[in-house]
Amino acid sequence: MTDAGSRTLQFTAAAAGNLNIVACGAILGWTSPILPKLSRNNPISSDNQLLRPITTDEGSWIGSLVALGVMFGSFASGYLGEWLGRKRGLLMSTFPFIVGWLLVGTAKHIGQIYAGRFILGLGVSIPFTLLPMYIGEISEASIRGALGSFLQLFITFGFLFSYSVGPYISYTIFWLLCTSLHIGFYVCFMIMPESPYFLLSKGREVEAAEALARFRGKSVAGVEKEIEQIQVEIDEAYRVKTSWADVFKDRVNRKAIVLTSILMTFQEFMGIDVVLFYTEDIFRNAGTKNTAMSAIIIGVVQMLSSVLTPLVVDRSGRKILLIISSVGSGITVGILGTFFYLQTIEYDLSSVWWVPLATLVVYMIAYSIGWGPIPWTVMGEMFAPAVKPKASSICVCAIWTFSFLTTKFFTNVEKAFGTHTGFWFFSFCCAINIVFIVMFFPETKGKTLSEIQKKLSRWNSSPIANEKTSVNQET
């Protein structure tokens, strides 16, 4: 190592940690190829271990119980990050994943699938809570956005895995392959260093300096100044107790939690989980012939568009990408809703059969460049070290609460009011997103963790005016 520095290990650690997100993407995308195999519209085969077709309501529970598990697991995940550390907490997630897949894979009764999916959700809560914290703490400010956007990129690999493999292999082989993804993560990530922030917060100064030196590709002497800066931030953050009540007593913490939780919630109201969990069902309802191939195309597009985000997120800034993403997503789901409405009034759509696939392709591109990765990047940026585990738990609980509500009750809305109503609602929410981003959300591009905290402390009733003032002060 030389004091010239290297970012190689930062990228390597972010990629290794996100192998767990690939496995989570496979869990979430599992429903798209499997629910049709279990549903009443398919003949009973060796792929249906229940030996009976499931109902639409049972299918919605299978699709949504992962989100319910994340809701409950998110708070325990925060404690796990404080107690064991970011790295060991992430490694611990492997065990509920294996238990959950064993239950799902060997199920002879619908209740066992429910239990397995819920436990898988408990496992998913750990990387979604701890990984943004870990990446936010190991990354230099100039590449933190790019590394934070890895979560969106890698989860697309998991969805694509489920979409492209699930329809063509047996139920048993599929869950075994999904389980192997978690084992691969464990093997790759176990050799990565712990977060220097966590080590310093526990008084392990020597280990923290060694870990930071490895992440920066420098000698221990070469990171002394940064270690001192981190120590000051931690001393300030841990000067007071950090119980759940204390998290909300501080004005800056409250602002960060409210802004980030709203951001995460709006991500769900764009309809992304409905699209990803029920991809084949959406195409089937739209009259698409080859639903499996259409789902694969969506997965490929999502993956390719997510590749662009790490390249632009630290150049363009968070706000502009979120606005562009909202506009593109809102227009496309609005068009898709109109397609389904015309279908209900028996309008001849045979000449525009390609519209559902085309709109979802554009929707995935728009979503993936902004709303997919940036909320998770922001969650790793907004909170002081002392409150980060608890605050991250709150934000993860918020997003997955609404993930559960949208995935569980979308089918009910579909039955009562038509598929078009749900997609028009998502389009309306995209418009609301734009107002929120323009009026209330601060830009975090290129800011250190302490600079973001200072910016939030100046954030009063007029965020736009404050941002202009902040820019003038920095100039």
Side-chain angles (χ1 to χ4, degrees), residues 22-70 96-121 123-124 155-182 272-285 288 290-300 302 403-404 406-408 410-411 414:
V22 175
C24 291
I27 291 171
L28 299 175
W30 179 86
T31 53
S32 181
I34 292 300
L35 288 184
K37 292 182 178 182
L38 301 179
S39 72
R40 65 172 66 251
N41 296 322
N42 286 274
I44 296 175
S45 67
S46 58
D47 268 345
N48 190 343
Q49 298 184 151
L50 301 178
L51 301 180
R52 67 168 181 85
I54 63 171
T55 65
T56 301
D57 188 59
E58 287 171 336
S60 69
W61 277 112
I62 291 173
S64 61
L65 275 169
V66 168
L68 192 64
V70 180
F97 282 134
I98 291 176
V99 172
W101 278 121
L102 284 171
L103 288 172
V104 169
T106 61
K108 302 295 183 184
H109 186 275
I110 189 69
Q112 188 173 331
I113 295 182
Y114 289 166
R117 292 286 288 174
F118 180 80
I119 292 173
L120 287 172
V124 168
I155 200 171
T156 65
F157 295 153
F159 276 107
L160 181 58
F161 173 82
S162 287
Y163 293 164
S164 57
V165 174
Y168 306 109
I169 62 176
S170 71
Y171 184 99
T172 300
I173 297 298
F174 189 29
W175 78 261
L176 288 173
L177 289 176
C178 289
T179 305
S180 70
L181 296 176
H182 301 287
I272 184 62
D273 281 349
V274 168
V275 171
L276 293 176
F277 289 17
Y278 304 124
T279 304
E280 287 200 42
D281 284 340
I282 291 172
F283 284 124
R284 187 174 294 105
N285 292 339
T288 304
N290 194 335
T291 58
M293 184 55 64
S294 297
I296 292 172
I297 292 172
I298 293 300
V300 170
Q302 186 188 24
S403 174
F404 168 73
T406 55
T407 53
K408 176 65 184 76
F410 179 79
T411 54
E414 194 174 37

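Along the sequence shown, the residues carry numbers beginning at 1.
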By side-chain contact (heavy atoms from CB on, under 4.5 Å), which residues pair with [X], not counting sequence neighbours?
{"X": "Ile34", "answer": "Trp30, Lys37, Leu38, Tyr171, Phe174"}
{"X": "Ile110", "answer": "Leu50, Arg52, Ile54, Glu58, Ile62, Tyr114"}
{"X": "Thr156", "answer": "Gln152, Leu153, Gln302, Met303, Ser306"}
{"X": "Ser60", "answer": "Asp57, Tyr278, Lys408, Thr411"}

Residue pair [X] / [Y]: nearest heavy atoms and the distance that separates them:
{"X": "Pro96", "Y": "Ile119", "result": "O-CG2, 3.4 Å"}
{"X": "Ala295", "Y": "Ser32", "result": "CB-OG, 4.5 Å"}
{"X": "Val124", "Y": "Cys24", "result": "CG2-SG, 3.9 Å"}
{"X": "Ala26", "Y": "Leu181", "result": "CB-CD1, 3.8 Å"}
{"X": "Ser162", "Y": "Pro167", "result": "O-CD, 3.6 Å"}
{"X": "Gln112", "Y": "Leu103", "result": "NE2-O, 2.9 Å"}

Side chain of Arg117, backbone of Ile27: donor and acceptor closer than 3.5 Å?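 Yes; at least one donor-acceptor contact below 3.5 Å.
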For the [atom1] atom of [X] and the [atom2] atom of [Y], what is their distance to the nearest 0.5 Å?
{"X": "Leu160", "Y": "Ile297", "atom1": "CG", "atom2": "CD1", "result": "11.5 Å"}
{"X": "Thr179", "Y": "Leu102", "atom1": "OG1", "atom2": "CG", "result": "6.5 Å"}
{"X": "Ile298", "Y": "Met293", "atom1": "CD1", "atom2": "CE", "result": "12.5 Å"}
{"X": "Tyr163", "Y": "Tyr168", "atom1": "OH", "atom2": "OH", "result": "13.5 Å"}
{"X": "Leu120", "Y": "Leu28", "atom1": "CG", "atom2": "CG", "result": "9.5 Å"}

Would you call Cys178 and Phe97 a side-chain contact if the rule is heavy atoms closer than 4.5 Å?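 No, too far: nothing below the 4.5 Å cut-off.
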Side chains of Ile169 and Leu177 in contact at under 4.5 Å (non-hydrogen atoms):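 The answer is yes, as the side chains (C-beta and beyond) meet within the 4.5 Å cut-off.
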Could you pull out all residues at least two apart from Phe118 that satisfy ring-ring contact (aromatic ring centres under 6.0 Å, His included)?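 Per chain and number, Phe118 pairs via ring-ring contact (aromatic ring centres under 6.0 Å, His included) with no residue.
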Among all residues two or more places apart in sequence or in another chain, which pass the side-chain hydrogen bond (donor to acceptor under 3.5 Å, both in side chains) test with Ser180?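 side-chain hydrogen bond (donor to acceptor under 3.5 Å, both in side chains) check on Ser180 returns nothing, list empty.
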